[in-house]
Amino acid sequence: MTTNADEPQTRPRRRIPAGAAVLREDVTEAIRAAVFEELASVGYARMSIEGIARRAGVGKTAVYRRWKSKLHLVLDVVSALAVLGLPVPDTGSLEGDLRLLYEVTSRALRHPVASQIIPDLQAEAARNPEIAEAMQKALRDGQEGVASKIIAAAEQRGELRRGVDEELALDLISGPLYWRSVVIRSPKLPKGYLEALTRGTAAALKAL
């Protein structure tokens, strides 16, 4: 029976087909975490498989068993962000839902790791269509899923008219905070900004 370097060789309890790769999930997660740390530390251009492996405490072969290049590794990690998504607010009002969404999103975007990684990958996306597609999916899908649920709940409560343009609504909901946090990279939001943004966005959505 062929064993894999990721798997302790004193057991397994069940038979593994000959030649099958046995990849430990804790090693995989350590590598993914190392990717975020390495991106924040040195950026995509200077990031290397060697640096990722060293930061994760594994050999390079453990990385290459899972991903064939740093591009594929970063694409996988970035795409996984879309799966995680954001929690859907359920406060009972449109403004309450928007405010909670903005609080969670603001904290996430201004996290030291995210504030370094997102602009760097956006720059790489301008040169690499694969990264551009992964970034669009990761950043858009999570917001889009949450925004559509906020809108649907507001429609059911009668706060918004039925059939609101969801594409335009997503732009109204997500655009301003993303612009300030990621594009302008404002280190600190002005006092009362989220409250004003919540009121303005709710009014704009009701005007659609």
Side-chain angles (χ1 to χ4, degrees), residues 3-13 16 20-89 100-146 174 177-178 181-183 185-189:
T3 59
N4 185 285
D6 283 343
E7 181 73 17
Q9 297 186 18
T10 56
R11 46 184 180 91
R13 295 180 179 179
I16 305 297
V22 183
L23 303 179
R24 285 172 44 185
E25 187 61 27
D26 60 329
V27 173
T28 301
E29 291 307 310
I31 295 171
R32 287 195 172 111
V35 172
F36 282 109
E37 295 171 3
E38 194 75 357
L39 279 171
S41 176
V42 303
Y44 178 81
R46 295 175 57 196
M47 187 181 76
S48 67
I49 295 295
E50 291 82 357
I52 293 168
R54 184 167 54 251
R55 195 178 288 271
V58 300
K60 288 192 298 182
T61 54
V63 181
Y64 281 118
R65 284 191 193 98
R66 294 160 171 82
W67 301 276
K68 61 183 180 181
S69 70
K70 79 170 186 178
L71 173 60
H72 289 86
L73 174 51
V74 170
L75 291 176
D76 175 67
V77 170
V78 171
S79 297
L81 293 175
V83 178
L84 295 177
L86 294 167
V88 179
L100 184 55
L101 174 64
Y102 287 146
E103 288 177 353
V104 173
T105 304
S106 175
R107 285 197 297 269
L109 290 175
R110 295 171 64 212
H111 187 280
V113 174
S115 65
Q116 290 293 326
I117 290 175
I118 295 177
D120 182 58
L121 288 181
Q122 290 284 48
E124 290 296 329
R127 298 183 286 269
N128 189 312
E130 289 180 282
I131 291 181
E133 183 179 356
M135 285 293 292
Q136 182 181 31
K137 181 176 179 60
L139 294 173
R140 185 177 180 83
D141 282 8
Q143 286 279 339
E144 192 171 47
V146 173
S174 303
L177 191 56
Y178 179 82
S181 299
V182 177
V183 180
R185 302 186 71 181
S186 176
K188 186 176 181 180
L189 295 176

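Scope of the values below: all heavy atoms of this structure, side chains included, with no hydrogens, waters or symmetry mates.
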Check: Roughly how far, to the nearest 0.5 Å, is CD of E38 from CD1 of I31?
Finding: 12.5 Å

Next item on the list: Find the distance between CZ (R54) and NZ (K60) and round it off to the nearest 0.5 Å.
Entry: 10.5 Å

Next item on the list: Determine the minimum heavy-atom distance between S106 and L177, stating which atoms define it.
Entry: N-CD2, 3.8 Å

Next item on the list: Output the distance between atom CG (D76) and atom CG (L71), rounded to the nearest 0.5 Å.
Entry: 11.0 Å

Margin query: Could you report the tightest heavy-atom contact between K70 and M47, atom names first, then the distance?
Written below: NZ-O, 2.9 Å

Check: Which heavy-atom pair separates A30 from A56 by the least distance, and what is that distance?
Finding: O-CB, 3.7 Å

Note to self: Can you tell me how far apart CD1 (I49) and NZ (K68) are? Round to the nearest 0.5 Å.
What the structure shows: 12.5 Å

Next item on the list: With sequence neighbours left out, write down each residue that passes side-chain hydrogen bond (donor to acceptor under 3.5 Å, both in side chains) with R127, or none if nothing qualifies.
Entry: E124

Checklist line | OH-OG distance between Y102 and S174, expressed to the nearest 0.5 angstrom | finding: 7.0 Å

Checklist line | Spatial distance of atom CG (N128) from atom OH (Y44) [nearest 0.5 Å] | finding: 6.0 Å

Notebook entry, point to check: Just by distance, do the side chain of T105 and the backbone of L101 share a donor-acceptor pair under 3.5 Å?
Noted result: yes

Item checked: Residues in side-chain hydrogen bond (donor to acceptor under 3.5 Å, both in side chains) contact with S69, at least two apart in sequence or another chain -> H72

Next item on the list: Say whether, by atom type as modelled, one donor and one acceptor occur between the side chain of R32 and the main chain of T28 under 3.5 angstrom.
Entry: no

Notebook entry, point to check: P89 and L100: which non-hydrogen atoms are nearest, and at how many Å?
Noted result: CB-CD2, 3.9 Å

Next item on the list: Not counting sequence neighbours, which residues clear salt bridge (charged side-chain N to carboxylate O under 4.0 Å, His left out) with E103? List them please.
Entry: R99

